[in-house]
Amino acid sequence: MFRVTKEIHFCYGHRLLNYAGKCRNLHGHNGKAVVTVETESLDALGMVVDFTEIKRVIGKWIDDTLDHRMLLHQDDPIIPELERQGEPFVALDANPTAETIARLIFDRAVAHGLPVTEVILWETENSFATYRPTPGVPSRPVAMREVVGGTPPAAPE
């Protein structure tokens with residue numbers, strides 16, 4: 001088995017609903033996604049997957065979709081205000097925990113045909129979550145809705 005791993009750094013904000021700790025408040029992280037792909041054999045160039053391909057596919061998606069966005073549960077009461085202000089955010093059907101974000105990135109890598117085996121999401125320099133599917137056990141992917149935002153309403157005169 002051959003394995004390669006690519007780190008992708010990005011910034012995001014979130015908060016957790018129905019949580020008693022500090023993460024119930026809006027806050028941000030300098031996150032790091034660690035994407036691991038594996039194959040039994042190497043391609044014609046002697047690679048599992050070119051690192052630049054992982055960056056092109058997953059790095060671009062993270063940059064376009066998650067970087068400098070608020071990642072929120074779809075029931076978060078702040079969402080109507082963000083929409084009113086034209087602010088970009090991502091609404092998930094689950095709390096935006098490190099575990100959920102790792103799963104979200106994993107699902108995107110699979111959807112792009114990468115032979116991904118696990119994704120680790122570093123939320124801080126000493127805390128991370130890993131998503132690796134259990135073989136033969138189906139699971140429901142994380143649903144998301146990206147709101148790109150627009151021009152905030154003009155200030156009253």
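Looking at Asp107, its side chain never comes within 3.5 Å of a backbone N or O of Pro141 through a donor-acceptor pair. Of the possible donor and acceptor atoms, one in the side chain of Asp67 sits under 3.5 Å from a partner among the backbone N and O of Cys11. Distance alone, capped at 3.5 Å, is enough to place a donor-acceptor pair between the Thr65 side chain and the Trp61 backbone. A donor-acceptor pair under 3.5 Å is formed between the side chain of Thr97 and the backbone N or O of Thr100. Arg56 contributes no side-chain N or O that, together with a main-chain N or O of Thr52, makes up a donor-acceptor pair within less than 3.5 Å. For His112 (side chain) and Val57 (main-chain N/O), no donor-acceptor pair under 3.5 Å exists by modelled atom type. In this structure a side-chain-to-backbone donor-acceptor pair under 3.5 Å is present from His27 to Asn25.
If you take CG on Asp50 and NZ on Lys6, they are separated by 9.5 Å, rounding to the nearest 0.5 Å. Taking CD of Glu38 as the reference point, atom CZ of Phe2 lies at 11.5 Å (rounded to 0.5 Å). For the atom pair CD1 of Ile78 and CZ of Phe89, the computed distance is 10.5 Å after rounding to the nearest 0.5 Å. A distance of 9.5 Å separates CD1 in Ile120 from CD in Glu7, rounded to the nearest 0.5 Å. Annotation: the span from Ile101 atom CD1 to Leu121 atom CG amounts to 5.0 Å, rounded to 0.5 Å. Taken to the nearest 0.5 Å, the CG atom of Asp75 stands 9.5 Å off from the CG atom of Asn95.
The closest side-chain heavy-atom distance from Glu40 to Met1 is below 4.5 Å. With contacts defined as side-chain heavy-atom distances shorter than 4.5 Å, the pair Leu92/Leu72 does not qualify. Under the 4.5 Å side-chain criterion, counting only non-hydrogen atoms from C-beta, Ser139 is in contact with Arg103. Thr130 is not listed as a side-chain neighbour of Val34, based on a closest heavy-atom distance of 4.5 Å or more.
Under the 4.5 Å side-chain heavy-atom criterion for ILVMFWY residues, no single connected hydrophobic cluster contains both Met47 and Leu114. Note on Ile105 and Ile8: same hydrophobic cluster, where clusters join Ile, Leu, Val, Met, Phe, Trp and Tyr whose side-chain heavy atoms are under 4.5 Å apart, directly or indirectly. By the criterion of side-chain heavy atoms lying less than 4.5 angstrom apart, applied directly or through intervening Ile, Leu, Val, Met, Phe, Trp or Tyr residues, Ile58 is grouped together with Val4 in one hydrophobic cluster. Val35 is connected to Val48 through a chain of hydrophobic side-chain contacts under 4.5 Å among Ile, Leu, Val, Met, Phe, Trp and Tyr, so both are in one cluster. Connection of Val147 to Phe10 is not established within any shared hydrophobic cluster, with ILVMFWY side chains joined at heavy-atom distances below 4.5 Å, either directly or through further cluster members.
Annotation: Arg3, atom CZ; neighbour count of heavy atoms from other residues, nucleotides and ligands within 6.0 Å does not exceed 12. Summarising the local packing, CD of Glu125 is surrounded by 12 or fewer heavy atoms from other residues, nucleotides or ligands at distances under 6.0 Å. Within 6.0 Å of the NZ atom in Lys32, the count of heavy atoms belonging to other residues, nucleotides or ligands exceeds 12. Counting heavy-atom neighbours within 6.0 Å of Asn18 CG, excluding the residue itself, gives a total of 12 or less.
Taking the ring centroids of His29 and Tyr12, they lie under the 6.0 Å cut-off.
Residues Thr124 and Asn126 bring a donor and an acceptor atom of their side chains to less than 3.5 Å of each other.
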Self-check item: Residue pair Thr5, Thr36: steps toward the side chain to side chain donor-acceptor pair (under 3.5 Å) verdict
Solution: CA-CA 4 Å; Thr5 301; Thr36 300; 3.1 Å; yes
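Screening Arg140, Arg145, His73, Gln74 for a side-chain hydrogen bond (donor to acceptor under 3.5 Å, both in side chains) involving Asp93 leaves a single residue, Arg140. The side chain to side chain contact (heavy atoms under 4.5 Å, CB included) with Pro88 is formed by just one residue from the set Met70, Glu146, His68, Arg69; it is Arg69.
Residues Arg15 and Pro96 share a closest heavy-atom pair of O-CG, 3.3 Å. Here the closest heavy-atom approach between residue Ala102 and residue Ala129 is recorded as CB-O, 4.1 Å.
Aromatic ring orientation, Phe128 versus Trp122: tilted (interplanar angle from 30° to 60°).
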